[in-house]
2 protein chains.
Amino acid sequence: MRMAELSAATGVPVPTIKYYVREGLVPAGRPTGRNQADYDDGHVRRLKLVRSLSEYGGLSIAVMRDLMQRLDNPEEHDFDLLGAAQKTITEHREASPGTDRDQAEQELAELVARRGWRWEPHHPATRTAIGILASLHEVGRDDMVEVLDSYAAAAELIAETDIRLLGDDLTDRERAVEIVVIGTAVGDTLIAALRRIAQATLARRTYPAERAGQSR
Amino acid sequence: MRMAELSAATGVPVPTIKYYVREGLVPAGRPTGRNQADYDDGHVRRLKLVRSLSEYGGLSIAVMRDLMQRLDNPEEHDFDLLGAAQKTITEHREASPGTDRDQAEQELAELVARRGWRWEPHHPATRTAIGILASLHEVGRDDMVEVLDSYAAAAELIAETDIRLLGDDLTDRERAVEIVVIGTAVGDTLIAALRRIAQATLARRTYPAERAGQSR
DNA sequence: GGATAGTGGATAGTGCTACTTACTACTATC
DNA sequence: GATAGTAGTAAGTAGCACTATCCACTATCC
């Protein structure tokens, strides 16, 4: 397969493919001559993965490069790989200074204890959650912190599905990482979309007729 | 309150506040002289809202300007406002051409019917969900589409909490929009974070010891 | 009462990201 | 043998979210 065919098979413009190869997101083709190379289904697959992660997962080129280099490096242990993959796509944003993060941290720790989850204070997701809780207090939305348990129950339901999807077969590295990465990054967007659709329905049910939280 | 105090109260640098005022995200101060103006708690509050939405909600300046201008316009009907707010923060991304969107659309419509939700084919969240489903098929993750019902059940749980939070009192416009906007935008990130924390726990339970999907 | 730091308002510049364009020397194909 | 395409590389671009600099003016401290 030549580059034009690769481009046609994926819908990604040729210069963009060149850019991705340069950035290490997609492996180079197998050279067949001084200025000719051969691409295969693996390239098509990888390219579609990159597009999905970028379009629906919102991952940056730099994050994806990290991920793909880990994936292409056979030295990396499989289970570290999955954990690392999960952490890589969880960008940690520290709370703005001046915020009361201690109270938020304690609230989250208590929630984690109530649910019987593991408390991992340095996990980027933990740091993000703490930042959000602190931020919600700042903005005066303490009521949202109070219903945290409801959100946590839903999150656990989602996570159970995620783990079920991963299954037992972790022998295919590329496949396993794909499951984790797509499931997590694209899954976030999917869940957000489903949430909005459900919201629209429930809003109409709660505030019927012209009172509904819907235009028109 | 002068600009330096407003900056100190919110942690937002003075030039950034000026930029936000220029962009219409924050109303100008009440002028008290040729080059002096007065800011109050409303400005502090608005500034914190903007920061939260940007930092944790990932909203762009342009989207927030839209939102804030709606909020500051007394012509807008309250319930339209809420629906519009929800749609504004849901960026719709159309599927890349060449993808089989018809099949994905039908799958989603069936899911919506199974759950008794309203089918709103033009809602941006619907369009996004269709794009994701098509994309998942493209990447060969059909198994993820199969467990859609589990995700939808969790999404409904979240949406029920959202609506409960909104409550009955929709008289305070700014407050109601804040609830919807923060709840939705920041809530997405919060749920994503909780999901990852739950995943880490469940992964360890499913793949114990060194097999856990966690590095160290 | 005079130095100094700060003010609102405006324009221009910065750093970053994700591509695009343009170019070169070469090659497959009609 | 003309033409379109190829790999590889360097330079350019568009958009975003600020940030810096400037201006005439003003509040405040010593």
Side-chain angles (χ1 to χ4, degrees), chain A residues 1-40 43 46-47 49-68 88-89 91 93 96-97 185, chain B residues 1-40 43 46-68 88-89 91 93 96 185:
Chain A
M1 195 187 288
R2 283 172 311 170
M3 187 158 282
E5 297 171 76
L6 182 58
S7 169
T10 57
V12 180
V14 169
T16 306
I17 297 177
K18 289 181 176 183
Y19 169 66
Y20 287 164
V21 171
R22 216 159 50 236
E23 293 296 321
L25 304 187
V26 172
R30 190 177 50 83
T32 61
R34 190 184 292 271
N35 68 337
Q36 222 76 140
D38 195 48
Y39 304 89
D40 59 21
H43 291 92
R46 174 62 68 86
L47 216 38
L49 175 63
V50 167
R51 278 335 280 256
S52 284
L53 290 178
S54 152
E55 196 167 354
Y56 295 109
L59 299 193
S60 69
I61 300 290
V63 165
M64 287 191 286
R65 177 174 45 223
D66 243 57
L67 235 37
M68 298 308 165
T88 305
I89 56 189
E91 43 194 329
R93 327 181 209 212
S96 10
Chain B
M1 195 188 289
R2 284 172 311 169
M3 187 159 280
E5 298 171 75
L6 182 59
S7 169
T10 56
V12 180
V14 168
T16 306
I17 297 177
K18 288 181 176 183
Y19 169 65
Y20 286 165
V21 171
R22 217 159 49 236
E23 293 295 321
L25 304 187
V26 172
R30 192 177 49 84
T32 61
R34 191 183 292 271
N35 67 337
Q36 222 75 137
D38 196 48
Y39 303 89
D40 59 21
H43 292 91
R46 173 61 68 87
L47 217 36
K48 285 182 179 172
L49 175 62
V50 167
R51 282 300 31 198
S52 285
L53 290 179
S54 151
E55 196 168 353
Y56 295 109
L59 299 193
S60 69
I61 300 290
V63 165
M64 288 192 284
R65 178 175 45 224
D66 242 58
L67 233 38
M68 299 307 164
T88 305
I89 58 189
E91 40 192 330
R93 327 181 209 211
S96 9

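Each chain gets a letter, A, B and so on, in the order the sequences are listed, and its residues count up from 1.
Taking every heavy atom of both residues into account, B:Ala4 and B:Val14 meet most closely at CA-CG2, 4.4 Å.
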Go through B:Ser54 and B:Leu59 one step at a time and tell me if the side chain to side chain contact (heavy atoms under 4.5 Å, CB included) criterion holds. CA-CA 5 Å; B:Ser54 151; B:Leu59 299 193; 6.0 Å; no

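Put simply, CZ on A:Arg30 is 13 Å from P on D:dA7, counting in whole angstrom units. One interatomic measurement links the two molecules: CG of B:Asp38 to P of C:dG6, which rounds to 18 Å at whole-angstrom precision. Rounded to an integer number of Å, the gap from CD1 of A:Ile17 to P of D:dG5 is 15 Å. In this structure, CE of A:Met3 is placed 12 Å from P of D:dT9, rounded to the nearest angstrom. The CG-P distance, from A:Leu6 to D:dG8, rounds to 13 Å in whole Å. Distance A:Glu23 CD to C:dA18 P: 9 Å, rounded to the nearest Å. Rounded to whole Å, the distance from CE on A:Met1 to P on C:dA28 is 18 Å. Atom CZ in A:Arg22 sits roughly 11 Å away from atom C1' in C:dT21 (whole-Å rounding).
With distances taken from any side-chain atom of B:Pro13 to the nucleotides C:dC26, D:dT19, D:dA11, the minimum falls on D:dT19. Each of D:dC18, C:dC19, C:dT27 was ranked by its minimum atom distance to the side chain of A:Ser54; first place goes to C:dC19. Comparing C:dT20, C:dT27, C:dG8 against the side chain of A:Tyr19 picks out C:dT20 as the nearest. Counting only heavy atoms from C-beta on, A:Ala37 has its side chain closest to D:dA7 among D:dA7, C:dT7, C:dT20. Nearest to the side-chain atoms of B:Ser60 among the listed nucleotides C:dC19, D:dA17, D:dA7 stands D:dA17. Taking only side-chain atoms of A:Arg34, from C-beta outward, the nucleotide of D:dA7, C:dT27, D:dT19 with the closest atom is C:dT27. Side chain of B:Arg51, nearest nucleotide from D:dC18, C:dT21, C:dG8: D:dC18. Picking from C:dG8, D:dC25, C:dT20 the nucleotide with the shortest atom distance to the side chain of A:Thr16 gives C:dT20. Considering only side-chain atoms of A:Asn35, the nucleotide from D:dT26, D:dT19, C:dT27 that sits closest is C:dT27.
At least one side-chain nitrogen or oxygen of A:Tyr20 sits closer than 4.0 Å to the OP1 or OP2 atom of C:dC19.
Across the interface with DNA chain D, nearest-nucleotide mapping of B:Met64 and B:Gln36 shows B:Met64 to be the residue nearer the 5′ end.
Judged by distance alone with a 3.5 Å cut-off, a donor-acceptor contact links the side chain of A:Lys18 to the base of D:dA7. Residue side chain B:Arg2 does not reach the base of D:dT28 through any donor-acceptor N/O pair under 3.5 Å, judged by distance alone.
For the atom pair CZ (A:Arg2) and CG (A:Asp38), the distance works out to 10.0 Å, reported to the nearest 0.5 Å.
With a 4.5 Å cut-off on side-chain heavy atoms, A:Met68 and A:Leu49 count as touching.
When atom types are taken as modelled, the side chain of A:His43 and the backbone of A:Met1 share no donor-acceptor pair closer than 3.5 angstrom. Here the side chain of B:Ser7 pairs a donor or acceptor atom with the backbone of B:Val12 at under 3.5 angstrom.
Pairing for C:dT24 is with D:dA7, a Watson-Crick or G-U wobble pair whose two hydrogen-bonding atom distances lie under 3.5 Å.
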